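For reference, the structure is listed below as structure tokens.
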Amino acid sequence: MYRDAQTAAILSAGMKLLRDNLGAIETEIFISKISSHEFDYTKWRENLWENLTPQKLFERAAKAEEKYGVPKGIEIM
């Protein structure tokens, strides 16, 4: 479906997380809402990293990798 294996792996992992945590119907609702014109991703992420230092972000990423591992197809640089 996607030429880029990394993109396919991220989308696959994301869909699995949504299904596992929300269920099939709620996942469909989430996708339809986030795809709509009502949702402004740029506005949503405007303050997403506010007060978060690069060091703190790195620490959170390291904890997430430790807890969840790395999805197949994702390369760690």
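The analysis underlying the following values was restricted to heavy atoms, covering all of them including side chains, and did not include hydrogens, waters or symmetry mates. Fair warning: this is a prediction, and the values are worked out from it, not measured in the lab.
- In this structure, I29 shares a hydrophobic cluster with I25, the cluster being traced through Ile, Leu, Val, Met, Phe, Trp and Tyr side chains under 4.5 angstrom apart.
- For residues 11-20, the set of pairs meeting the salt bridge (Lys or Arg N to Asp or Glu O under 4.0 Å) definition, not counting sequence neighbours, comprises K16-D20.
- Counting only residues at least two apart or on different chains, no side-chain hydrogen bond (donor to acceptor under 3.5 Å, both in side chains) pair has a member in residues 24-33.
- Listed by chain and number, the residues in a side chain to side chain contact (heavy atoms under 4.5 Å, CB included) with E66 amount to none (sequence neighbours excluded).
- Taking hydrophobic clusters as Ile, Leu, Val, Met, Phe, Trp and Tyr residues chained together by side-chain heavy-atom distances below 4.5 Å, F30 does not share a cluster with L17.
- Looking at S12, its side chain never comes within 3.5 Å of a backbone N or O of A8 through a donor-acceptor pair.
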List the atom pairs, donor and acceptor, that lie under 3.5 Å between side-chain atoms in residues 39-51 and the rest of the protein, sequence neighbours left out.
unit_1, atom_1, unit_2, atom_2, d
D40, OD1, T42, N, 3.1
D40, OD1, K43, N, 3.3

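- A single hydrophobic cluster is seen to contain both I34 and L18, as judged by linkage of ILVMFWY side chains at heavy-atom distances under 4.5 Å, directly or through other members.
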